[in-house]
Every structure is written in structure tokens, then in C-alpha cells.
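Residue numbers begin at 1 in each chain, while the letters A, B, ... track the order of the sequences. Here the structure is a predicted model, which means the values were calculated and not measured.
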Amino acid sequence: MGRSPCCEKAHTNKGAWTKEEDQRLVAYIKAHGEGSWRSLPNAAGLQRCGKSCRLRWINYLRPDLKRGNFTEEEDDLIIKLHQILGNKWSVIAGRLPGRTDNEIKNYWNTHIKRKLLARGIDPKTHRQLRAAASSPFSRPLDQLAAAACSSCSPETSGACHSSDDDCGGIDLNLSISPPRGPPSSSPSSLPTTEEA
DNA sequence: AACAGGTTCAACCGCTCATGA
DNA sequence: TTCATGAGCGGTTGAACCTGT
């Protein structure tokens, strides 16, 4: 209703990015830095929506991305952070260097959800599901969080974590910090499309 | 070898938030 | 204070890939 489209759809490509598009985007950001996503496509000679460019850069082309499998430590950290923060993927991603919100969101939906269900834990509430209470794998996340933080009880863990408490060796300072450094920090390490 | 069903993940969509005029 | 615009976020989709039969 009166909402202007984010870009001129008639002249924008959609779907998978080509190598050439990736190269153009990387080259442009290398030269001019991130930002001004709306005007970037024109400036970079891309037939793409600015949003699409931003997403492609953040989720795939950024040089500081880790990629590859998540470690057990990352798994646990995601679960704990999700218990505290809920579906704040961007904030969770901010605590996991080299990981993106989209990647974590996908990983949660495909792997961790299932893992928690197998343990008899509701992935939404992080509470024990009744039916699976006797699962040999069950270890209520409440207990996990409480064990990680001596000052937390299952009932109070949420409130506790809003401070700068260091729980279980995990820095849970949740103040919003830029999830990523300046793009110009190491342009030479930009991935080539061959790597992608 | 061929097919069906399941899984993964890149990308899109629509909404809210932040900012500046 | 209000409105317009751009940026960012979370939910969802669908094509590609994998696995079992």
C-alpha cells in the first residue's frame, strides 16, 4: 500500500549470482567500501537490487567469512545464545566471528532444531518436552545454562544474561557491536569466485 | 541405473527501525 | 513532529544436491 519497491524490478536480475556479478560487486566494494546499497548496483554496473547486493556480500563474498562446518563449541554457543535471545540471528551472528545471520539461521533450522528435539528439548522454549523426558540424550538446556553460569538459576537465567556476566567461559556481553570489521581491512584476502 | 523423497542453503520478500529533511 | 527514504532483520521459498530403495 503506497510502499515503493526497493528497486526497479523490471531491470533487475534475480536468482543465483554469476561469477561476473560477484566479481563486479567485490571489485566495487574493494574500491569504495560497503554502504549506499541502494545506489551501489548502478554505480557497480549491476542489474541487481541493492538489497540483493548487500545480502550477497554479507552472506557469501565478505573476506572474513569462515564457511565450512560448525564446531561443537559453535553449536553450544548458538544454543545458549538462542535460549537467551530467541531468533535474534544477527545478534547471535555478532558473537560468532566469521558466521552470518543467514548461515546461523539455516543451521539452526536444519541441524540444531533436530538435535534439540532428539534430546527431548523444545527448540522454541528450550524446555524439556514431556514425552521425551527420559531420552538418554536429554540434558535440559536450563540445566546447561545454569551449569555454565553459577549465578543463574533456570528461572532467572534470562535476566542474568542481560548483564555483562561471563557465563561458562562465554563472553555474553550482548551489547550490540558491529558484527564485522571495516571492509577495507584486508582487501587482498577477498575470495575469488574460484573459491566460491 | 533410475527414481523418489529428504535435506541443505542461497536468495527473495515484506516488515520494522533509524535517520535526516 | 511528521514524513520519506534507506538499511537491516527474520521468515520463507525453491533449486540443487544427497541418500535410500
Specify the separation, in whole Å, of atom [atom1] of [X] and atom [atom2] of [N].
X: A/W108; N: C/dC9; atom1: CH2; atom2: C1'; answer: 18 Å
X: A/K124; N: C/dG11; atom1: NZ; atom2: C1'; answer: 12 Å
X: A/W89; N: B/dC15; atom1: CH2; atom2: P; answer: 21 Å
X: A/I92; N: C/dC9; atom1: CD1; atom2: P; answer: 12 Å

What N/O pairs connect the protein and nucleotides 4-8 of chain B at under 3.5 Å? Give each pair on its own line.
residue : atom : partner : partner atom : Å
B/dT8   : OP1  : A/H111  : NE2          : 3.4
B/dT8   : OP2  : A/T110  : O            : 3.4
B/dT8   : OP2  : A/R114  : NH2          : 2.8

- Test ring pair (Phe, Tyr, Trp, His ring centres under 6.0 Å) applied to A/Y107 - qualifying residues, sequence neighbours left out: A/F70, A/H111

- Task: Could you list the residues that satisfy ring pair (Phe, Tyr, Trp, His ring centres under 6.0 Å) with A/W108, not counting sequence neighbours?
- Result: A/H82, A/W89, A/H126

Heteroatom pairs (N/O) under 3.5 angstrom, protein to nucleotides 10-12 of chain B:
residue : atom : partner : partner atom : Å
B/dA10  : OP1  : A/R67   : NH2          : 3.2
B/dA10  : N7   : A/N106  : ND2          : 3.1
B/dA10  : N6   : A/N106  : OD1          : 3.3
B/dA11  : OP1  : A/W17   : N            : 3.2
B/dA11  : OP1  : A/R56   : NH1          : 2.9
B/dA11  : OP2  : A/R56   : NH1          : 2.3
B/dA11  : O3'  : A/G15   : O            : 3.4
B/dA11  : N7   : A/N102  : ND2          : 3.2
B/dA11  : N6   : A/N102  : OD1          : 3.0
B/dC12  : OP1  : A/G15   : N            : 2.8
B/dC12  : OP1  : A/R48   : NH1          : 3.1
B/dC12  : OP2  : A/S52   : OG           : 2.7

- Message: Check the phosphate of C/dG10 against A/S90, side-chain N and O only, distance under 4.0 Å to OP1 or OP2. Yes or no?
- Response: yes

- Regarding the side chain of A/D101, the nearest nucleotide among C/dC9, C/dG8, C/dA7 is C/dC9

- Message: Taking the side chain as everything from C-beta on, heavy atoms only, tell me whether A/R48 gets closer than 4.5 Å to A/R24.
- Response: no

Using nucleotides 18-21 of chain B, report all nitrogen or oxygen pairs with the protein that are shorter than 3.5 Å.
none

- Message: Checking A/K124 now: which residues fulfil side chain to side chain contact (heavy atoms under 4.5 Å, CB included) with it, not counting sequence neighbours?
- Response: A/D122

